[in-house]
Amino acid sequence: MDDLERELRDLTGWLEPARTPDVTARVRARLDAPAPRRRRRYVLATVLAALLVVALPPGRAALADAVTGLLRFSGVVIDSAPAPPPTGTPSPLPAQRHVALAQAQRQVRFPIRVPSRLGAPERVLVADPDGAGGHRVVSLLYRGGTVRLDAFDGSLDIVFHKRSLGADVTLTQVGGEFAIWVGGPHALAYVDRSGTERVATARLSAATLIWEQGGLSYRLEGDLTREQALDVAASLR
Amino acid sequence: MEPGRPGRCHGSGPTAEAALDDDDLVTRVRAGDREAYDALVARHTASAYRTAVLLGAGPDAEDVVQEAFVKAYRKLSRYRAEASFRSWLLAIVANETRNLHRTRSRRDGLTLRAAAAEPVVAGGADDGLDAVLAAERRAALVGALRLLPARDREAIVCRYLLDLGEDETATVLGLPRGTVKSRTHRALAKLRALLDREVAHRG
């Protein structure tokens, strides 16, 4: 493969659409016009939840609307283009609430795994319920909420691993699978089921490790070094 | 299924559907199971959408994908498992995208976010010159891609941007494999010439 071919392959990472629309309901409506439009939550669950991380590297070159560095990984979009800081009132994840760990396990459709390195969480949150009472996101909080592990149900298909990454975003591995380390400050938004982008909160702008395991996507955020984060990730039980 | 192209159903919890592959789902759909088709749609929306965007459907990509899924459902009786369901579906997406160009007489294929690339604005002190040059190079590459004839561009998009193999590209574009090979080769040569011209022009 020569240089041009390699460049073309690398270009993909810069041209990736930021978000995939959900067409399931509309396709179904068209195929099934007389029937009531019922949403199939378990199917939507495979595609919809995505966390959007907007990396805000200070002083990066501004590319006029165009070649933005869009990185999509495991339900997470990292946009390394300069973006304005999140505006508007920060809102929490949709319908987020505190529950006990055992209760949380009954309210999500996936096994909740706890990092043995951090031990039992101080607080547990579930968020974004579907109609049947299953929640899409579970968050384990540690150290007074400064370290946070989100697990969310589902991921977008991971096809492209070849990326041009900025200094603040690097590829790494967790359990032999690709993972992403965002070392710099960033704002965090959450894309809910309807595709609406919500500003989650500005509470943490610390480093984040993102990886996928067993069909779930994990996001570990807090005042951790990359090695500490990888260590925590490897200790999920 | 190629490696790295997950056909698995992510994160749907311990439902029976999680373990079904595409062909199982197709069999179920043929037996009248609509929910199985929902699962196929959910599983392949991302690739279908990416394909439509990169083949130039632009803002109509979402409509193209929706239309492709509706057509695929109606044509499902004609699907033979010679190609993967995904390639078969992407062929419908490619065809719908071409129809779009025809009906709206769009010459331009690649209405990507990179299309309107403008010169880099000088940034802060930590801006690497390399990053600026790389961004310019990407913009030049996209510019050159846009100048290619649609057929050549399709081959490049499938082989490199979508990273499809020759066989899958042949299925998706509805071409003999040999044609894919020669067209890709020709398109790369044209692209090189366009880029050389660009460099000469700037220099």
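Letters A, B, ... mirror the listed sequences (proteins, then strands); counts begin at 1. Every value quoted in this text rests on a predicted model; they were computed, and no experiment measured them.
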Legend entry - Gap separating the OG1 atom of Thr20(A) from the CD atom of Glu62(B), nearest 0.5 angstrom: 10.0 Å
Inset, instruction - Side-chain contact test, heavy atoms from C-beta onward, threshold under 4.5 Å: evaluate it for Leu188(B) versus Asp2(A) and give yes or no. - result: no
Legend entry - Spacing of CG belonging to Leu8(A) relative to CG belonging to Leu141(B), to within rounding of 0.5 Å: 5.0 Å
Inset, instruction - Measure Arg192(B) against the heavy atoms of chain A and call it side chain, backbone, both or neither at under 4.5 Å. - result: both
Legend entry - Rounded distance (nearest 0.5 Å) linking atom CD of Glu35(B) with atom CZ of Arg28(A): 6.0 Å
Inset, instruction - Quickly, which of Arg6(A), Glu5(A), Glu7(A) forms a side-chain hydrogen bond (donor to acceptor under 3.5 Å, both in side chains) with Tyr160(B)? Name it, please. - result: Glu5(A)
Legend entry - Per-residue contact mode, Val70(B) against chain A (heavy atom under 4.5 angstrom): both
Legend entry - Interatomic distance, Asp10(A) atom CG to Arg137(B) atom CZ [nearest 0.5 angstrom]: 11.5 Å
Inset, instruction - Please name the pair of heavy atoms, one in Val41(B) and one in Val27(A), separated by the smallest distance, quoted to 0.1 Å. - result: CG2-CG1, 4.2 Å
Inset, instruction - Can you sort out the partners of Lys181(B) under side-chain contact (heavy atoms from CB on, under 4.5 Å), two or more places apart, ordered by chain and number? - result: Glu166(B)
